[in-house]
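Data block below; observations after.
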Amino acid sequence: MATSTVNLVVAACNNLGIGFEGRIPWRIKQDLAFFKKITSTTQDPEKQNAVVMGRKTWFSIPAKFRPLPKRINVVLSRELPEAPKGALLARNFADPMEMLTTGSLSWKVESVFVIGGSSVYEEAMMSDRFPCRLYLTRVFGDFKCDTFIPSPDDHGFQKVPNPDDIPSETLTENDLDFRFEVYEKN
Ligand SMILES: NC(=O)c1ccc[n+]([C@@H]2O[C@H](COP(=O)([O-])OP(=O)(O)OC[C@H]3O[C@@H](n4cnc5c(N)ncnc54)[C@H](OP(=O)(O)O)[C@@H]3O)[C@@H](O)[C@H]2O)c1
């Protein structure tokens, strides 16, 4: 059975912005690689992780890259008439969370990752129905954004030491500093 912990993965800049006009305002290859690794890797080769995202985040992924491979893709939408090809469709946040963590799909799911956008992160961060782990890539730059995450500090999240396989020092790519941080809320 999948763990009931829900994992959030997000990269945010100085003002906690995460997107502008349907895309991520920066490009950090090491962060993309981190996202791919953490959302794809399972201990049990028989299982997959699930990625849960809002409709706009799904369509922000270039068509040739979706569904995200080797992961169960779940798209939230109240408007889409049918499931996007290669993904499951959910009409609310709670039902897929239950189905993936303890319900009918949990036997083949190792970990559940919420991958955006803002209202989906917000719903996960505000919920007290399950423990949450937040993988936050702090991007130390000022970018124009129209999409934001709530402050983890204001919503009961506490910073925890990074696991051994996640570097904790500030890294730099193309003159942009960034750092992988991990937060938890029980
Ligand atoms: N920096 C990062 O790590 C990161 C990660 C992900 C996304 N982003 C960026 O964030 C932006 C997209 O995020 P966004 O916040 O604008 O949109 P979004 O959350 O991806 O999608 C919003 C849509 O999802 C559906 N939805 C959300 N919550 C739902 C719920 N509880 N039940 C049913 N449907 C639900 C609704 O679709 P319907 O209107 O169809 O009902 C809603 O209009 C893009 O710029 C993207 O690049 C950044």
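Note that ligands are numbered from 1 as they come in the structure, with each ligand's atoms numbered from 1 the same way. Excluded from the calculations below are hydrogen atoms, water molecules and symmetry mates; all remaining heavy atoms, backbone and side chain alike, are included. Given the structure is predicted, the values throughout are model-derived calculations rather than measurements.
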Counting each atom of ligand 1 from 1 as listed, which ones have a heavy atom of F93 under 4.0 Å away?
31 (N)
Give me the nearest non-hydrogen protein atom to atom 40 (O) of ligand 1 as residue plus atom name, then the distance to 0.1 Å.
S77 OG, 2.6 Å
Quick check: do W26 and N174 have side-chain heavy atoms less than 4.5 Å from each other?
no
Checking contacts here: is it the side chain or the backbone of Y121 that comes within 4.0 Å of ligand 1, counting heavy atoms only? Could be both or neither.
side chain
Which heavy atom of the protein is the closest neighbour of atom 30 (C) of ligand 1, given with residue, atom name and distance?
R78 NH2, 3.3 Å
Of all protein heavy atoms, the one nearest atom 48 (C) of ligand 1 is I18 O, 3.1 Å
Any P167 side-chain heavy atom under 4.5 Å of N162 side chain:
no
Any donor-acceptor pair under 3.5 Å from D44 side chain to E46 backbone:
yes
For atom 35 (C) of ligand 1, find the nearest protein heavy atom and state the residue, atom name and distance (0.1 Å precision).
L76 CB, 3.6 Å
Closest protein heavy atom to atom 23 (C) of ligand 1, given as residue, atom name and distance to 0.1 Å
R55 N, 3.7 Å
State whether the side chain of E173 and the backbone N or O of Q30 hold a donor-acceptor pair below 3.5 Å, judged by distance alone.
yes
How close do E110 and Q43 get, counting heavy atoms only, and between which atoms?
OE2-N, 2.6 Å
Answer yes or no: does an N/O atom from G117 fall short of 3.5 Å to an N/O atom of ligand 1?
yes
Ligand 1 atoms nearer than 4.0 angstrom to some heavy atom of I115 are 5 (C), 6 (C)
Kindly say whether the aromatic ring centers of F20 and F143 come within a distance under 6.0 Å.
no
Compare T137, T57, D31 and give the one whose heavy atom is closest to atom 7 (C) of ligand 1.
T57
Which residue holds the protein heavy atom closest to atom 31 (N) of ligand 1, what is that atom called, and what is the gap in Å?
E123 OE1, 3.0 Å
What closest approach, in Å, do N7 and S111 show between heavy atoms, and which atom pair accounts for it?
ND2-CB, 3.9 Å
of all protein heavy atoms, closest to atom 15 (O) of ligand 1 is S118 N, 2.7 Å
Is there a side-chain contact between F113 and L68 (heavy atoms, below 4.5 Å)?
no
Heteroatom distance test (T147, ligand 1): nitrogen or oxygen, under 3.5 angstrom
no
Ligand 1 to A11 polar contact by distance, N or O atoms, under 3.5 Å:
yes
Considering residues, nucleotides and ligands other than K37, do more than 12 of their heavy atoms fall under 6.0 Å from its NZ?
no
As a test of the contact definition, would atom 42 (C) of ligand 1 count as having a protein heavy-atom neighbour under 4.0 Å?
no
Identify, by atom number and element, the atoms of ligand 1 in contact range of R23, meaning under 4.0 Å from any of its heavy atoms.
44 (C), 45 (O), 47 (O)
Please classify the F20 to ligand 1 contact at 4.0 Å (heavy-atom distances, strictly less than): side chain, backbone, both or neither.
backbone
Taking heavy atoms and a distance under 4.0 Å, where does D146 meet ligand 1: side chain, backbone, both or neither?
neither
Purely on distance, is any nitrogen or oxygen of V120 under 3.5 Å from one on ligand 1?
no
Taking both backbone and side-chain atoms of E21, is any N or O found less than 3.5 Å from an N or O belonging to ligand 1?
no
Under the 3.5 angstrom rule, does the side chain of K185 hit a backbone N or O of M125 as a donor-acceptor pair?
yes
Atom 33 (C) of ligand 1: the protein heavy-atom neighbour that sits closest, reported with distance to 0.1 Å:
R91 O, 3.2 Å
Minimum heavy-atom separation for S106 and G103, please, with both atom names.
OG-O, 2.7 Å
So do the side chains of L171 and F180 get within less than 4.5 Å of each other, counting heavy atoms only?
yes
Shortest non-hydrogen contact between A11 and I18, atoms and distance
O-CG2, 3.4 Å
Show me which atoms of ligand 1 lie under 4.0 Å from any heavy atom of S119.
19 (O), 27 (C), 28 (N)
Examine the proximity of ligand 1 to K56 and report which part, side chain or backbone, both or neither, has a heavy atom under 4.0 Å away.
both
Does the N or O separation between W26 and ligand 1 drop below 3.5 Å for any pair?
no
Give a yes or no on whether the backbone of I61 and the side-chain of R66 come within a donor-acceptor separation of less than 3.5 Å.
yes
